[in-house]
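Just so you know, these numbers use all the heavy atoms, side chains as well, and skip hydrogens, waters and symmetry mates.
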Amino acid sequence: MIRLALLLLLASPATLATGQVMLDEDRIPEPWIEVIEDVTGDGQAERLRLTPLSQDYDVLTIEPGVDAHFSAPILLPVWQNRTGEDGIIVTSDTSFTIRTGCFACGRYHSFYDTKIAWRGGQFLIAGYTGRVTDRLFAVTVTCDINHLTGRGEVHVDGEKMEELAAIRAYPVRDWDGAPPAACEAAWAYESDSFLESWTADRDQ
């Protein structure tokens with residue numbers, strides 16, 4: 001439903017008529033952030049934008065450069081970035097990171113980084129790092145996933161707690177904006193009962 005809503009919001013009527021995504025510039029709100037850099041390694045700059053869609057979601061738009069390897073813009077719903085930091089971070093000429101989360105929301109600082117990489121002629125979800133700091137207990141739980149290897153780890157304050165198996169890298173068009181299912185294992189370390197025990201041992 002979110003994807004349908006963003007298409008109806010941003011796409012021109014020709015999209016529905018032809019099936020080819022065509023952006024209607026008059027319908028696109030001002031982006032929170034826009035980055036124009038080469039992220040496919042072909043020397044041509046792509047345009048990356050995060051644009052408000054709703055109270056909770058933004059739209060990630062990846063627009064092709066001149067003579068690009070993909071012909072139509074890619075539009076994806078992502079959680080809003082309320083961290084106070086840039087929501088798009090270019091990490092190389094073939095990869096970039098989307099940062100979402102919320103700084104000082106209730107008792108938590110949360111940062112969720114999704115790495116998108118150009119591999120084999122397409123954009124893939126290549127990695128994920130979620131960091132949640134409980135401000136009450138002053139403890140940070142991290143879930144780090146490398147989708148290129150299908151492996152991950154959970155850390156508490158930098159100490160490895162367990163290893164994870166995760167799905168391998170997959171096309172960005174299939175991403176729903178949610179964290180990897182493998183990271184559900186990390187949430188157990190955010191419970192009050194665990195944190196009380198952890199900090200009691202830590203502070204001895």
Starting at [atom1] of [X], measure out to [atom2] of [Y] and round the result to the nearest 0.5 Å.
X    : Y    : atom1 : atom2 : value
T40  : D38  : OG1   : CG    : 4.5 Å
R82  : S110 : CZ    : OG    : 10.0 Å
N81  : Y112 : CG    : OH    : 12.0 Å
M161 : H155 : CE    : NE2   : 10.0 Å

I88, L60, L48 screened by side chain to side chain contact (heavy atoms under 4.5 Å, CB included) with I116, the one that passes: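 For I116, the side chain to side chain contact (heavy atoms under 4.5 Å, CB included) check succeeds only for L60.
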Any side-chain donor near an acceptor of the partner, [X] and [Y], under 3.5 Å:
X    : Y    : answer
T100 : Q80  : no
D144 : T142 : no
W32  : D58  : yes
D56  : S54  : no
T129 : D113 : no
E162 : Y189 : yes

What pair of heavy atoms forms the shortest contact from [X] to [Y], and how long is it?
X    : Y    : answer
A182 : A165 : CB-O, 3.6 Å
C102 : T83  : N-CG2, 3.8 Å
A166 : I145 : CB-CG2, 3.6 Å

Checking the side chain of [X] only, and the main-chain atoms of [Y] only, is there a donor and an acceptor separated by less than 3.5 Å?
X    : Y    : result
S95  : T91  : no
T149 : N146 : yes
T133 : R135 : no

State, with a plain yes or no, whether a side-chain heavy atom of [X] is found less than 4.5 Å away from one of [Y].
X    : Y    : answer
Q122 : Y170 : no
R202 : V139 : yes
E63  : E46  : no
Y128 : P179 : yes
I33  : D86  : yes
L124 : H147 : no
W118 : D93  : no
I125 : K115 : no

Does one hydrophobic cluster hold both [X] and [Y], with members joined at side-chain heavy-atom distances below 4.5 Å?
X    : Y    : answer
V39  : I89  : no
L148 : L164 : no
I167 : L76  : yes
I36  : L50  : no
Y108 : V156 : yes

Under the salt bridge (charged side-chain N to carboxylate O under 4.0 Å, His left out) criterion, do R47 and E37 qualify, and how do the steps go? CA-CA 7 Å; R47 181 162 68 164; E37 288 196 40; over 6 Å; no
Worked check of side chain to side chain contact (heavy atoms under 4.5 Å, CB included) between V78 and V59: CA-CA 6 Å; V78 298; V59 179; over 6 Å; no
What is the ring orientation for F96 with F123, classed by angle as parallel under 30°, tilted 30 to 60°, or perpendicular over 60°?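 It falls in the perpendicular class, over 60°.
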Salt bridge flag under 4.0 Å for residues R107 and D192: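 So R107 pairs with D192 through a salt bridge.
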Other ILVMFWY residues reachable from F111 by side-chain steps of under 4.5 Å: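 For the cluster that includes F111, the remaining residues are F103.
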